[in-house]
Amino acid sequence: MITVFGSLNVDYIFQVPHLPTPGETVLASGMQVLPGGKGANQAVAAARAGAKVCMVGAVGRDGLSEIALAGLLDAGVDTSAVAQSPKPTGTAAINVDAQGENAITVSSGANLDARGDSLDEENLTPRTTLLLQMEVPMTAMADLIQRARKKGSCIVWNLAPMQSVDLALLKQVDCLIVNEGELNQLHSKLHQIPRPNHYSAKDVEQKARDIFTLTGQSVVVTLGVNGTLAVHNNTLLAVPALAISPVDTVGAGDAFTGAFTAALDRGETFPVALRWGNVAGGLACLETGAQSSLPTAAKISEHLAALPGA
C-alpha cells in the first residue's frame, strides 16, 4: 500500500501561444479548471498504475475543495486522512505554450496546514510505501518520515519543488527523486559550492553518484526527453524516454513518480520500476491536465514494449 503525504490544489490551466515574459500580457486561447497538486497528482498516478493508495493532506472549507478531491475519489484513493483547514484550498495558475512547455505559480493555502497526525498507524507498516514531495511544511514531512522509518516503511521522496533539507533527514529516505535542475540545486546545497551555469551529462552522473555516496540511498534523476538516470545499489542505471510528440508536459514528473512508486510497492525490480515510470511520464504528455492525463496500468503495460531497450 502507498501512503502519499502532500499537496492538493485546484489548477487553472491557460493555453497560450508562448509563455509570458516579465511585464507581458498574453491572451489565452482556452482555460480549464482541474484538480492538481503534486501530492494528489502522484496519488492518482499511483492508483491508476494499480496501487492501493491513501492520501494525507489538507483542503479548505470552500467550494474548491470538492474540485481538489474529485480526481482522487474518481481514482479510488482513500481520502479519509485529508483534513479541512480554515485557509483556502491551494491553487495553481499554469500557462502551457504551443510546444507543451509550462510555467506555474502556486498559492499553497490549506497545504500549509497539512499534517500527518490524521494518519492511522495501520497505514505505516513494513508493507507500506510512504511517498512525499515538497509542497507541504518541512517539519510535518520530517515528523512523518521519522514515524515511517520507525515502522519499517519504504520511503520515496520527490524533492520538488526544491528547498533546504538536512542531510540527516535525506539519509532516512530509501529513494530520492529529482529532475535535472533539482539535482544541481541539491548537490550545491549538500556540497556548499556555487551552481554552475552549464553542466554536461557527465556532470549529472557524477552529481547523482555524489548524492548516493552522501546519503547511502537510491537517487533517481528524471531528464525529460533524455529519459532517466539512477544510482541504485552503487550501480548506474539509464533508461530512455518513450518517443512521443508532447501536447502538455504538466504532470509528467508526477506521472513518473506515481507509476515508479506503484511498481516498487508491488515488488517489481528497480530497473523495471524505472521503465514503468518513464512510460507513464511519456504518456502523460499526450493529453492536457495534471490528473486527467495520467495513464492506467493497462495503458502503461501496453506501451512498455515501445520503450527503447525492451
Side-chain angles (χ1 to χ4, degrees), residues 1-6 38-39 42 46 51 116 124-136 138-193 203-223 227-239 253-254 256-278:
M1 176 177 179
I2 297 174
T3 294
V4 179
F5 181 43
K38 293 194 74 65
Q42 292 180 14
L124 286 178
T125 74
R127 296 179 302 280
T128 300
T129 300
L130 175 64
L131 174 59
L132 310 97
Q133 311 77 37
M134 299 189 88
E135 290 185 335
V136 293
M138 180 64 71
T139 53
M141 289 188 288
D143 288 344
L144 195 51
I145 286 171
Q146 289 161 5
R147 282 175 59 196
R149 177 53 62 218
K150 289 178 182 177
K151 295 289 185 178
S153 303
C154 175
I155 305 171
V156 178
W157 200 358
N158 178 205
L159 302 178
M162 181 57 66
Q163 55 180 289
S164 294
V165 57
D166 290 339
L167 177 58
L169 190 58
L170 294 175
K171 289 181 175 180
Q172 297 184 52
V173 177
D174 297 282
C175 180
L176 303 173
I177 302 176
V178 292
N179 64 21
E180 210 167 344
E182 291 153 0
L183 172 73
N184 203 25
Q185 292 177 62
L186 180 62
H187 188 272
S188 296
K189 290 176 187 295
L190 294 179
H191 290 79
Q192 298 182 333
I193 55 176
D203 292 328
V204 171
E205 178 183 327
Q206 187 58 56
K207 290 178 194 299
R209 288 189 181 278
D210 288 347
I211 292 171
F212 170 83
T213 300
L214 273 176
T215 64
Q217 310 301 350
S218 300
V219 179
V220 175
V221 187
T222 57
L223 302 169
T228 303
L229 179 147
V231 182
H232 174 66
N233 289 339
N234 206 26
T235 299
L236 184 71
L237 303 169
V239 179
D254 294 334
F256 170 89
T257 299
F260 165 80
T261 305
L264 281 185
D265 186 67
R266 68 171 173 266
E268 301 285 2
T269 65
F270 207 89
V272 168
L274 290 174
R275 295 179 67 82
W276 268 74
N278 275 17

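This chain uses plain numbering: 1 for the first residue, then up along the sequence. Computed over heavy atoms, backbone and side chain alike; hydrogens, waters and symmetry mates excluded.
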Colleague: CG of Asn158 to SG of Cys175: how many Å apart, nearest 0.5 Å?
Modeller: 9.5 Å
Colleague: What are the two closest heavy atoms between Glu205 and Leu236, and how far apart are they?
Modeller: CD-CD2, 3.4 Å
Colleague: So how far is it from Met141 CE to Leu169 CG, rounded to the nearest 0.5 Å?
Modeller: 8.0 Å
Colleague: By ring-ring contact (aromatic ring centres under 6.0 Å, His included), which residues pair with Phe5, not counting sequence neighbours?
Modeller: none
Colleague: After noting the C-alpha distance and the side-chain angles of Trp157 and Gln217, does the key distance pass the side-chain contact (heavy atoms from CB on, under 4.5 Å) rule?
Modeller: CA-CA 11 Å; Trp157 200 358; Gln217 310 301 350; over 6 Å; no
Colleague: Shortest non-hydrogen contact from Gln146 to Gln172?
Modeller: CG-OE1, 3.6 Å
Colleague: Leu170 and side-chain contact (heavy atoms from CB on, under 4.5 Å): which single residue from Val219, Val165, Ile211, Leu214 fits?
Modeller: Val165
Colleague: For side-chain contact (heavy atoms from CB on, under 4.5 Å), just list the numbers for Gln133 and Val4, CA-CA rounded to whole Å, side-chain angles, deciding distance to a tenth of an Å, and then say yes or no.
Modeller: CA-CA 9 Å; Gln133 311 77 37; Val4 179; 3.8 Å; yes
Colleague: Please report the interatomic distance CD1(Ile177) to CG(Leu132), rounded to the nearest 0.5 Å.
Modeller: 11.0 Å
Colleague: Ignoring hydrogens and angles, tell me if any N or O in the side chain of Asn233 forms a donor-acceptor pair with the backbone of Thr235 under 3.5 Å.
Modeller: no
Colleague: Regarding Asp174 and Arg149, does a basic nitrogen lie under 4.0 Å from an acidic carboxylate oxygen?
Modeller: yes
Colleague: On a heavy-atom basis, which atom in Ser218 and which in His232 lie closest, and how many Å separate them?
Modeller: OG-ND1, 2.7 Å
Colleague: Using every non-hydrogen atom in the two residues, find where Leu144 and Leu124 come nearest and quote the distance to one decimal.
Modeller: CD1-CD1, 3.8 Å
Colleague: Measure the shortest side-chain to side-chain distance between Thr261 and Gln42 over non-hydrogen atoms and say whether it is less than 4.5 angstrom.
Modeller: no
Colleague: Do Thr125 and Thr128 touch side chain to side chain, with heavy atoms closer than 4.5 Å?
Modeller: yes
Colleague: If we ignore angles and hydrogens, is there a donor and acceptor under 3.5 Å between the side chains of Glu180 and Asn184?
Modeller: no
Colleague: Can you tell me how far the OG atom of Ser153 sits from the CZ atom of Arg127, to the nearest 0.5 Å?
Modeller: 9.5 Å
Colleague: What class does the angle between the rings of Phe270 and Phe260 fall in, given that below 30° is parallel, 30 to 60° is tilted and above 60° is perpendicular?
Modeller: perpendicular
Colleague: Roughly how far, to the nearest 0.5 Å, is the CD atom of Gln206 from the NE2 atom of His187?
Modeller: 7.0 Å
Colleague: Hey, does Leu264 have a side-chain heavy atom less than 4.5 Å from the side chain of Thr129?
Modeller: no
Colleague: Mind checking the CG-OG1 spacing from Asn278 to Thr222? Nearest 0.5 Å is all I need.
Modeller: 9.0 Å
Colleague: Taking all atoms of both residues into account, what is the closest heavy-atom pair of Ile2 and Leu131, and its distance?
Modeller: CG2-CB, 4.2 Å
Colleague: According to ring-ring contact (aromatic ring centres under 6.0 Å, His included), who are the partners of Phe212, at least two apart in sequence or on a separate chain?
Modeller: none
Colleague: Identify the heavy atoms of Glu182 and Ala160 that sit nearest to each other, and give their distance.
Modeller: OE2-CB, 3.1 Å
